[in-house]
Amino acid sequence: MDSMDMSVNRKIIKYFNGKLIDTDDHIVSEFPLTIIVNDQEFATMVCTPTHFEEMIIGFLASEGVIRYYDDIKSLHIDEGTGFAYVTLHVEISSNQQQYTKRFIGSCCGKSRQFYFQNDVKTAKTSTAKLTITPEQCIQLMGDMQSSSIVFKDTGGVHNAALCTHEELLVSMTDIGRHNALDKLYGYSILNKISVRDKIIVFSGRISSEVLVKAAKIGVGIVLSKSAPTDLAIKLAEDLNITAVGFIRGQSFNVYSHPERIKAD
């Protein structure tokens, strides 16, 4: 974990029971990190200042810039200036549009026409065979939420965890939901973890971007305590991903590929 604090104490005024009270509060930290790739500015990520290396690796892999950690020749993070310098063994395209331009096309008439150009190359159709019980869905969500100390202190972050069907392997925290997923991806790349038989447990809404990010990572099941969007469900159906939302208390909704949810 990086040395910077994930939250800071601030003096605030709290209104409670009809009174204004002087008190202290924990406020989540926000940090801009600019990534320089092969001496060219590539992106600026506004993030929670922790697990920078994992986030950068996961982000570059998600964008299709790298496939393996060995594609990186060097990586240096200067926390003082907010810059990260990445040198690759290969050149990358100088055309930034391929990372941001909408790809208007079709894939068997399905929903992939909504991908950005680089998503076409990096999003994977899941081949996962794993299954999970309803009780395990609820347990994993509870485990992720109980492990999030920063969320309990600040209420200002998203959490994402990489899991087996029985336990959390690693949990990441960030103000940006995409950053939290990139940190998971980078962690799995750094530690050479096979993700095909893993599950992502997520605190935020399952948007189409989140669903595509999960597909890039390579998991077959995404569990969330919040709602999916209509496009995310279409993408989940297309990419063979089981999307489960509104995991709260003893209930949840299965939106796609319910065959992976097996009741005892």
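Just so we're clear, the structure is a prediction, and the values are computed from it rather than from any experiment.
Formation of a donor-acceptor pair under 3.5 Å by the Asp78 side chain with backbone atoms of Gly80 is found in this model. With Gln40 contributing its side chain and Val37 its backbone, the two residues share no donor-acceptor pair below 3.5 Å. One N or O on the side chain of Arg260 and one on the backbone of Ala128 form a donor-acceptor pair closer than 3.5 Å. Between the side chain of Thr48 and the backbone N or O of Thr50 there is no donor-acceptor pair closer than 3.5 Å. Proximity of a side-chain donor or acceptor of Ser224 to a complementary backbone N or O of Gly204 within less than 3.5 Å is detected. For Ser7 (side chain) and Val28 (main-chain N/O), no donor-acceptor pair under 3.5 Å exists by modelled atom type. Between the Lys216 side chain and the Ser62 main chain, a donor and an acceptor come within less than 3.5 Å of each other. With Asp143 contributing its side chain and Leu168 its backbone, the two residues share no donor-acceptor pair below 3.5 Å. Looking at His165, its side chain never comes within 3.5 Å of a backbone N or O of Leu130 through a donor-acceptor pair. Ser171 contributes no side-chain N or O that, together with a main-chain N or O of Ala161, makes up a donor-acceptor pair within less than 3.5 Å.
Residues satisfying the salt bridge (charged side-chain N to carboxylate O under 4.0 Å, His left out) criterion with Asp230, sequence neighbours excluded, are Lys234. Not a single salt bridge (charged side-chain N to carboxylate O under 4.0 Å, His left out) links Lys192 to another residue, sequence neighbours left out. For Arg248, the side chain to side chain contact (heavy atoms under 4.5 Å, CB included) partners two or more places apart in sequence, or in a different chain, are Ser226, Phe246. The side chain to side chain donor-acceptor pair (under 3.5 Å) check on Asp197 picks up nothing, with sequence neighbours excluded. In this structure Asp39 satisfies the salt bridge (charged side-chain N to carboxylate O under 4.0 Å, His left out) test with no other residue, sequence neighbours excluded.
Annotation: Glu259, atom CD; neighbour count of heavy atoms from other residues, nucleotides and ligands within 6.0 Å is above 12.
Annotation for Tyr68 and Ile189: closest pair C-CG2, 4.4 Å, computed over non-hydrogen atoms. The nearest pair of heavy atoms linking Ala236 to Ala243 is CB-CB, 4.2 Å. Between Glu41 and Thr44, the closest heavy-atom pair is OE2-OG1, 4.0 Å. Scanning both residues, Glu30 and Val46, for their nearest heavy atoms gives OE2-CG1, 3.1 Å.
A salt bridge links Asp24 to Lys11: at least one charged side-chain nitrogen sits closer than 4.0 Å to a carboxylate oxygen. A salt bridge links Lys213 with Asp182; the closest basic N to acidic carboxylate O contact falls under 4.0 Å. Using a cutoff of 4.0 Å between basic side-chain nitrogens and carboxylate oxygens, Lys183 and Asp174 are scored as salt-bridged.
Apart from Ile36 itself, the hydrophobic cluster it occupies contains Phe83, Tyr85, where clustering links Ile, Leu, Val, Met, Phe, Trp and Tyr at side-chain heavy-atom distances under 4.5 Å.
Under the 4.5 Å side-chain heavy-atom criterion for Ile, Leu, Val, Met, Phe, Trp and Tyr, Val201 and Ile221 are members of the same hydrophobic cluster. At a threshold of 4.5 Å between side-chain heavy atoms, the hydrophobic network of Ile, Leu, Val, Met, Phe, Trp and Tyr places Phe59 and Leu162 in one connected group. In the hydrophobic clustering of ILVMFWY residues, with side-chain heavy atoms under 4.5 Å counting as a link, Ile241 and Ile261 come out apart. Under a hydrophobic clustering in which Ile, Leu, Val, Met, Phe, Trp and Tyr are joined whenever their side-chain heavy atoms come within less than 4.5 Å, directly or via other members, Met172 and Leu169 fall into different clusters. Criterion: ILVMFWY side-chain heavy atoms under 4.5 Å apart, direct or through other members. Under it, Val244 and Leu184 are not part of a common hydrophobic cluster.
Taken to the nearest 0.5 Å, the CD1 atom of Ile200 stands 3.5 Å off from the CD1 atom of Ile217. To the nearest 0.5 Å, atoms CG (Asp5) and NE2 (His26) are separated by 11.5 Å. Rounding to the nearest 0.5 Å places OG1 of Thr23 at 12.5 Å from CG of Leu20. Interatomic distance, Ile77 CD1 to Ile35 CD1, rounded to the nearest 0.5 Å: 9.0 Å. Distance check, rounded to the nearest 0.5 Å: CE of Met144 to CZ of Phe202 gives 8.5 Å. Put simply, CG on Leu231 and CD1 on Ile233 are 9.5 Å apart, with the number rounded to the nearest 0.5 Å.
Of the N and O atoms on the side chains of Asn240 and Thr125, not one donor lies less than 3.5 Å from an acceptor on the other residue. In summary, the side chains of Tyr69 and Asp71 do not present any donor paired with an acceptor at a separation below 3.5 Å, with no hydrogens or angles considered.
Checked against a 6.0 Å centroid threshold, the rings of Phe31 and Phe52 count as neighbours.
The side chain to side chain contact (heavy atoms under 4.5 Å, CB included) test with Ile199 is passed by exactly one of Val219, Ile132, Thr164: Ile132.
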